[in-house]
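Here is the structure we will look at, set down as structure tokens.
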Amino acid sequence: MRDRFYGCSSRGGLRLQVMERLRLLKWLTLICFFTSCGARELSIKHKSHTPVYNHTLATILVQYASAVYMSDLTALITWTCSRCDGIIKDFEVIELIVDVQNCLQAFVGVSEDLNAIVVAFRGTQEHSIQNWIEDLFWKQLDLNYPNMPDAMVHHGFYSAYHNTTLRPCVLNAIKRAKEFYGEMNVMVTGHSMGGAMASFCALDLAVNHEVKNVQLMTFGQPRVGNAAFASYFKKHVPNAFRVTNEHDMVPHLPPFYSYFPQKTYHHFPREVWLYNLGMGSLVYTVEKVCDGSGEDPSCCRSVSGNSISDHLEYFGVLLEAETWGSCRIVMGNDLIKENVDLSGNFVLRRNPSTSIVKLKPQISTSHSSV
């Protein structure tokens, strides 16, 4: 049968053809080594300066992004809330900022396990998340980003961080933490609109306050600026990951129009897309690290963004408030409001304590992984 396959009339002829094919295969292997294989080596060398996605860190930071939604401020600032346990229990809140007027909330604290300052921003607290998503669909680029030619951003997201009580209080808390614990990494996180604010915070820290080793990881974040802004962001905050989940609606918004690349919203890199493979009891989650464009067509853009439920849960962690009905705040009588302004916005502040062991000195990680 093999003789007929190769078209040979004898075993000697078959053996000769096999040897010739093997010789050809060796030449092709050598050609690959000196051409395409060499190209891959250059690519790997380039990637050595690219942050590497860390699954374990993602599963930790998503819990901080969940905890910041808690409305019981006493439990939150003392880190005794129902979401302040498990792998994030060794954490000390230094400052809890509540912007009552704009229904915004964030905290800054120190994680012993991560050996880092963690900043977390709460996502939207709109009465109806469906209405918020519908409004987001029509948002236009409407603000020139300061000192950056051609870069435009979403005015609402920019203002939520820059023009509220959040920014000065976050910066002050980071300064206080570093005065007590010394120089360390700063990790910024948030979900949904909180991810948008976290992005502006990370860029602010890197550009305006020369904070080294700023790391950003967001979950279900919307687009915040155009391609010029995305390019600028990538340059100054290279250690950034945007985690997206299955058919989550929000990362698709505001819309991206490929035929107007400079005039439309454009995600900054790098996306990590979570999606499920298999069926029944054999389903498992894939974490795909996407390309460096920010708009990889093979990641979340490859599916329709039609799910709210995929937006509200990442890695099995709930990312919403106990209720969407209001910006309800629960606070014990033993907590003292500080820096209360005319709009009722306030800060709950704690001095760093010796309950957390002095953290190890940081080693420079200018090209380290998240």
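By convention here, the first residue in the shown sequence is residue 1.
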Please confirm whether the backbone N or O of [Y] pairs with a side-chain atom of [X], one donor and one acceptor, at under 3.5 Å?
X      : Y      : value
Asp150 : Asn226 : no
Ser111 : Ala116 : no
Thr189 : Ala120 : no
Glu246 : Asn276 : yes
Arg122 : Val68  : no
His267 : Pro251 : yes
Gln63  : Ile87  : no
Thr218 : Gly195 : no
Ser231 : Ala228 : no
Ser192 : Gly194 : no

Between Phe219 and Tyr314, what is the ring plane arrangement, given parallel below 30°, perpendicular above 60°, and tilted in between?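 Plane angle over 60°, so perpendicular.
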Which label fits His236 and Tyr232: parallel for a plane angle under 30°, tilted from 30 to 60°, or perpendicular past 60°?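 The arrangement is tilted - the two ring planes meet at 30° to 60°.
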Is there a salt bridge (charged side-chain N to carboxylate O under 4.0 Å, His left out) between Lys175 and Glu95? Walk through the geometry before answering. CA-CA 11 Å; Lys175 179 182 177 181; Glu95 199 146 303; over 6 Å; no
Within 6.0 Å of [atom1] in [X], more than 12 heavy atoms from elsewhere:
X      : atom1 : answer
Gln140 : CD    : no
Asn163 : CG    : yes
Asn306 : CG    : yes
Lys139 : NZ    : no

Please tell me whether [X] and [Y] form a close aromatic pair, meaning their ring centres lie under 6.0 Å apart.
X      : Y      : answer
Tyr158 : Phe229 : no
Phe233 : Phe268 : yes
His191 : His311 : yes

Side chains of Gln221 and Phe157: closer than 4.5 Å at any heavy-atom pair?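 The answer is no, as the side chains (C-beta and beyond) never meet within the 4.5 Å cut-off.
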If we only count heavy atoms from C-beta on, is the Phe200 to Val153 side-chain gap below 4.5 Å?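 Yes, their side chains come closer than 4.5 Å.
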Atom pair [atom1]/[atom2] of [X] and [Y] - distance to nearest 0.5 Å:
X      : Y      : atom1 : atom2 : value
Glu287 : Leu274 : CD    : CG    : 5.5 Å
Glu92  : Ile77  : CD    : CD1   : 10.0 Å
Asp296 : Ser302 : CG    : OG    : 8.5 Å
Gln215 : Leu61  : CD    : CG    : 8.5 Å
Arg242 : Trp273 : CZ    : CH2   : 13.5 Å
Cys290 : Glu271 : SG    : CD    : 4.0 Å

Name of the residue among Ile94, Ile117, Val188 meeting side chain to side chain contact (heavy atoms under 4.5 Å, CB included) with Ile174: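 Of the listed options, the one satisfying the test is Ile117.
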